[in-house]
Protein chains: 2
Amino acid sequence: MTDVEGPSPTRKLRADGERNRLRLIKAAKRVFAEKGASASLDQIARDAELGIGTLYRHFPTRDALVEAVYRQETEALLSGAAQLSRELEPVSALREWLRIFVEYLASKQGMSEALKTLIGGTETLYGESSAKVRGALDTLVTAAVETGEIRMHMEPLDLLRAIAGVANLSPAQNWKRSAVLMVDVLLDGLRTEARRADLERS
Amino acid sequence: MTDVEGPSPTRKLRADGERNRLRLIKAAKRVFAEKGASASLDQIARDAELGIGTLYRHFPTRDALVEAVYRQETEALLSGAAQLSRELEPVSALREWLRIFVEYLASKQGMSEALKTLIGGTETLYGESSAKVRGALDTLVTAAVETGEIRMHMEPLDLLRAIAGVANLSPAQNWKRSAVLMVDVLLDGLRTEARRADLERS
DNA sequence: TAATATGCGGAGGTATCCTCCGTTTTCAAG
DNA sequence: CTTGAAAACGGAGGATACCTCCGCATATTA
């Protein structure tokens with residue numbers, strides 16, 4: 001009952017722990033880039049010159065590791081959202097952000113499983129990145145909808161899913177072009193819906 | 001050099017061979033449905049009560065097996081295309097076919113890798129199904145474009161990719177609804193582009 | 001029925017995943 | 001500085017998967 005403090009939810013990591021955590025992320029980044037998303041965790045541990053047990057303690061699942069690897073880039077994605085909504089009118093901000101999202105996808109080539117984790121869940125997924133991305137997207141979408149220029153009768157994440165589909169399933173080199181075109185088609189499609197709704201209402 | 005005949009490209013399979021081939025496909029269908037795309041091939045062989053060697057002889061790669069499993073449904077998809085383009089005007093035919101495609105995806109839940117194989121390649125992929133699907137899509141798209149109602153400034157397969165993205169990356173139960181909405185958004189997006197092009201030209 | 005082409009089966013080598021637990025290191029209280 | 005417990009390390013090892021290889025069994029044909 002005295003429960004003096006209760007170890008803080010994120011207690012300070014021991015120095016060596018933190019060091020090795022970083023080593024692992026760095027190694028993972030290297031190895032994933034080199035061998036693709038299915039690189040073996042054993043390999044990563046070896047590359048980091050750490051035991052496999054250490055890897056598993058820090059990152060209980062493959063996805064946990066992957067998320068850590070890309071958290072930094074995700075932050076960029078998020079800060080981009082804030083800035084755009086300050087500088088552009090809502091629909092343009094959304095459009096630009098989706099383009100940034102395409103760039104973001106570029107750094108995840110072939111890691112479709114990881115993406116699934118990020119984009120996939122309404123679920124109780126462990127990753128906070130997922131929630132943040134969803135939050136940023138929702139903000140942009142809401143603002144854009146409020147202008148009356150577009151309508152969003154689907155889950156906003158579906159936009160990302162469609163774009164990711166184009167990016168991921170495409171073997172071609174110019175998938176990025178395709179994905180950007182897709183951004184415009186999606187926004188035009190949503191705009192048309194809105195106009196039609198207006199017409200029907202009158 | 002006498003080269004009397006050269007075994008015909010598809011020589012008649014021995015009776016037991018054909019029988020076991022079917023057993024394997026059936027087992028694979030079962031197991032994939034139950035365990036998802038990453039079900040083990042050992043497991044499938046066990047389920048079919050056949051040796052693993054037999055499985056590998058008939059299907060040298062995982063994808064070969066998967067393709068065999070779904071070839072039947074793919075045929076349905078293809079015949080659907082023919083019928084629709086006979087019965088509906090082009091844009092509607094395309095729309096309906098994309099909706100059928102959504103249904104088709106339902107039978108592939110979680111098999112994103114298999115899908116990648118099917119939808120992915122401009123490449124020299126072994127599968128003929130891939131080429132046929134692309135062919136059907138191209139036909140529908142071309143007809144629709146010729147009406148002037150829509151424009152297709154992207155690779156037609158990108159439509160399927162976007163839809164598959166929504167279907168695959170969505171964990172929710174109502175992904176099918178999302179995917180169907182996406183069909184309409186895409187077509188409206190393409191229609192809008194065409195109108196805009198018309199306006200700009202005048 | 002005999003010969004042979006075809007198909008079958010599964011042992012086994014390699015690789016990955018993940019757990020478990022004895023050993024080592026850190027860190028701060030005394 | 002000493003010391004001891006909490007924290008972290010490391011990697012052996014069991015389970016499972018992939019895929020190959022080749023001796024054995026069976027279907028087919030003459």
Side-chain angles (χ1 to χ4, degrees), chain A residues 4-28 31-32 34-69 110-111 113-114 117 126, chain B residues 2-28 30-32 34-68 110-111 113-114 117 126:
Chain A
V4 186
E5 190 162 20
S8 65
T10 54
R11 56 183 310 150
K12 203 178 75 188
L13 225 43
R14 228 174 68 175
D16 55 346
E18 182 58 25
R19 189 177 350 111
N20 286 338
R21 196 188 134 85
L22 293 180
R23 275 179 84 85
L24 283 169
I25 293 178
K26 215 160 140 190
V31 176
F32 279 142
E34 188 175 329
K35 307 253 179 183
S38 59
S40 96
L41 300 185
D42 284 301
Q43 166 76 51
I44 290 171
R46 237 175 292 135
D47 212 71
E49 294 174 312
L50 291 171
I52 184 65
T54 302
L55 186 153
Y56 273 96
R57 194 168 345 87
H58 283 293
F59 307 103
T61 67
R62 187 186 204 81
D63 278 346
L65 177 56
V66 169
E67 205 211 334
V69 167
M111 312 206 53
E113 286 315 305
T117 299
Y126 60 90
Chain B
T2 23
D3 185 46
V4 187
E5 191 164 19
S8 67
T10 55
R11 55 181 311 150
K12 204 178 74 187
L13 226 43
R14 226 173 69 175
D16 55 346
E18 181 58 25
R19 190 178 349 113
N20 287 338
R21 195 188 134 85
L22 293 180
R23 276 178 83 86
L24 284 168
I25 292 178
K26 214 160 141 189
R30 253 199 317 278
V31 175
F32 279 144
E34 188 177 329
K35 307 253 179 182
S38 59
S40 95
L41 300 186
D42 284 308
Q43 166 77 50
I44 289 170
R46 238 176 290 136
D47 211 71
E49 295 176 311
L50 291 171
I52 184 66
T54 302
L55 187 151
Y56 273 96
R57 193 166 344 89
H58 283 294
F59 307 103
T61 68
R62 186 187 206 82
D63 278 347
L65 177 56
V66 169
E67 206 211 333
M111 311 205 54
E113 286 315 306
T117 299
Y126 60 89

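Computed over heavy atoms, backbone and side chain alike; hydrogens, waters and symmetry mates excluded. Chain identifiers are assigned alphabetically (A, B, ...) following the order of the sequence lines, protein sequences preceding nucleic acid strands; residue numbering begins at 1 within each chain.
Rounding to whole angstrom units, CG of residue B:L41 and C1' of D:dT20 are separated by 14 Å. Rounding to whole angstrom units, CG of residue A:L55 and C1' of D:dC9 are separated by 12 Å. Atom CG of A:L65 and atom P of C:dC17 are 11 Å apart (whole Å). Going from atom CZ of B:F59 over to atom P of D:dC19 covers 15 Å, rounded to whole Å. In this entry the distance linking OH of A:Y56 with C1' of D:dA12 reads 15 Å, nearest Å. In this structure, B:Q43 places its CD atom 17 Å from P of D:dA15, rounding to the nearest Å. Here the C1' atom of nucleotide D:dA17 and the CZ atom of B:R62 are 9 Å apart, to the nearest Å.
Nearest-nucleotide mapping onto DNA chain D: of B:R46 and A:E49, the residue sitting toward the 5' end is A:E49.
Comparing C:dC8, D:dA27, C:dT26 by their nearest atom to the side chain of B:R14 picks out D:dA27. Comparing D:dC9, C:dC27, D:dC19 by their closest approach to the side chain of A:R57 singles out D:dC9. Residue A:A15 places its side chain closer to C:dC27 than to any other of D:dC18, C:dT16, C:dC27.
The shortest heavy-atom contact between A:L55 and A:A45 is CD1-N, 3.9 Å. Considering all non-hydrogen atoms of both residues, A:S40 and A:Q43 come closest at OG-N, 2.9 Å. Shown here for B:F59 and B:A68, the closest heavy-atom pair between the two residues is CE2-CB, 3.7 Å.
The distance from atom CG of A:L41 to atom CD1 of A:I44, rounded to the nearest 0.5 Å, is 5.5 Å.
Proximity of residues 16-28 of chain A to DNA chain C (heavy atom under 4.0 angstrom from any strand atom) is restricted to A:D16.
Contacts of B:R30 classified as salt bridge (charged side-chain N to carboxylate O under 4.0 Å, His left out), with partners at least two apart in sequence or in another chain: B:D47.
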Would you tabulate the nitrogen or oxygen pairs shorter than 3.5 Å linking the protein to nucleotides 12-14 of chain C?
none

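Note on B:H58: a side-chain N or O is less than 4.0 Å away from OP1 or OP2 of C:dC8. OP1 and OP2 of D:dA8 both lie 4.0 Å or more from every side-chain N or O belonging to A:T54.
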Show me the donor-acceptor pairs within less than 3.5 Å that the side chains of residues 18-27 of chain A make with the rest of the protein, sequence neighbours left out.
from, atom 1, to, atom 2, distance (Å)
A:N20, ND2, A:D16, O, 3.4
A:R23, NE, A:A48, O, 3.0
A:R23, NH2, A:A48, O, 3.0
A:R23, NH2, A:E49, OE1, 3.0

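Among the protein residues, B:S40 comes within range of the sugar-phosphate backbone only, with heavy atoms under 4.0 Å from sugar or phosphate atoms but none that close to a base.
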